[in-house]
Number of protein chains: 2
Amino acid sequence: MDIKRTIDDIDHKILQILQEKSRIPNAEVARQVGMAPSAVLERIRKLEDRQIIQGYEVRLNPHPFNQGLMAFVLVTVQSASRADLATLLTQVTGVQDVHQVAGEDGYLLKLRVADNAELGRVLADEICSLAGVLQTKTNIVLNTIKETRKLDLNRYSS
Amino acid sequence: MDIKRTIDDIDHKILQILQEKSRIPNAEVARQVGMAPSAVLERIRKLEDRQIIQGYEVRLNPHPFNQGLMAFVLVTVQSASRADLATLLTQVTGVQDVHQVAGEDGYLLKLRVADNAELGRVLADEICSLAGVLQTKTNIVLNTIKETRKLDLNRYSS
DNA sequence: TCGAGGGAATGAATGATATTCTTTAACTAT
DNA sequence: ATAGTTAAAGAATATCATTCATTCCCTCGA
């Protein structure tokens, strides 16, 4: 048996509830799991301490903020490109995610901009002009069928 | 002047606070914006009603749930492929996002699995066997430099 | 088998918070 | 002006967060 704490059924249920709506009173979570609020509070604290819970976010509608167009850009770079290129890419207009990809000497960006005109401008003026960038391949998202950060909690194993 | 409600500076500040940590007492938000809690509550309610706030999420560490490997898969399909293919793709093991992409007759998937072995199994057994799928191109994420759902609130315009 | 120790749940107490309602103020359009 | 609209403040009360002491249960070691 491992000394390391595990995620038991109650933790599991708490995480499920928070995945549905994280901004919910602690007392309501306690009601749903059938325990005292103090016990639930302690469990949530521990999940935060153990970095199983990493934060709480709000999901906003991108349209009022003129970020209705989503695009993915695969940026291929010189193998000797500058070390801080990744950081520079995070600062490009509209960039939400920067992932370093294996086997490509490159980065995959997810970005949100207003429209195609702005996307073109960002690609030409901001990304392609960075030192070390060789080429970009862009996929414009027509329609998002699913977009979630939820994990499959049932995949837990101690 | 537009009758439609706008997002003013106070709404803006409230959204900023919630983007940092959505699970925060309303009274604390009120303190930070310098207003009565009742007024802040009313504003948040309205932002929810107007669908500017679409939900509140918890960000979990993927490792305890055996989803430490992230990959993007561009799925190319027959132009006459079945209409519900997108829905089927959302049900594939580990798939977090499904985006329909323009100009490709295809979908871009983001998925989280345990390791390369599982990724191979999912690609071979689940994705490629779907009717209409022609080919897949997979990018394995080595390292994520930035991953956020935060929007640039300053891009608001009425 | 027994008891010590650790970990976790409960329940009570209290101080803080959410929520509702009323009043007031500012702004709009007629 | 004046009625209508919108939002903020303030008060009141119901609910909640947080702490603490206590109890319970499990595990380990003698």
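Values below: all heavy atoms of this structure, side chains included; hydrogens, waters and symmetry mates excluded. Below, chain A is the first sequence line, B the second, and so on; all start at residue 1. These numbers were taken from a predicted model, which means no experiment stands behind them.
When side chains are defined from C-beta on, B:Ile24 counts as touching B:Ile17, because their heavy atoms get closer than 4.5 Å. Residues A:Tyr156 and B:Asn66 fail the side-chain proximity criterion, which asks for heavy atoms closer than 4.5 Å. Counting only heavy atoms from C-beta outward, the side chains of A:Asp11 and A:Ile52 never approach each other to under 4.5 Å. Using a 4.5 Å heavy-atom cutoff, the side chains of A:Asn154 and A:His12 are in contact.
Closest to the side chain of A:Pro37, out of D:dT18, C:dT10, D:dA8, is D:dT18.
Residue B:Asp84 places its CG atom among more than 12 non-hydrogen atoms of other residues, nucleotides or ligands, all under 6.0 Å distant.
Separating the CG atom of B:Asp11 from the P atom of D:dA7 is a distance of 9 Å, rounded to the nearest angstrom. The distance from atom CE of B:Met35 to atom C1' of D:dA7 is 9 Å, rounded to the nearest whole Å. What separates CG of B:Leu41 from P of D:dA8 is a distance of 12 Å, to the nearest Å. Whole-Å rounding puts the A:Ile14 CD1 to C:dA8 P distance at 12 Å. When the P atom of C:dA8 is taken as reference, atom CG of A:Asp9 falls 15 Å away, rounded to whole Å.
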Any N/O pairs under 3.5 Å between the protein and nucleotides 20-24 of chain D? List them or say none.
none

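Proximity of B:Lys46 to the phosphate of D:dA7: a side-chain N or O atom is located under 4.0 Å from OP1 or OP2.
When atom types are taken as modelled, the side chain of A:Arg59 and the backbone of B:Gln54 share a donor-acceptor pair closer than 3.5 angstrom. The closest donor-acceptor contact from the side chain of A:Lys146 to the backbone of B:Val95 lies under 3.5 Å.
Atoms CD and OG1, from A:Gln67 and A:Thr93 in turn, are 10.0 Å apart once rounded to the nearest 0.5 Å.
In the region residues 21-33 of chain B, proximity to DNA chain D at under 4.0 angstrom, judged on heavy atoms, holds for none of the residues.
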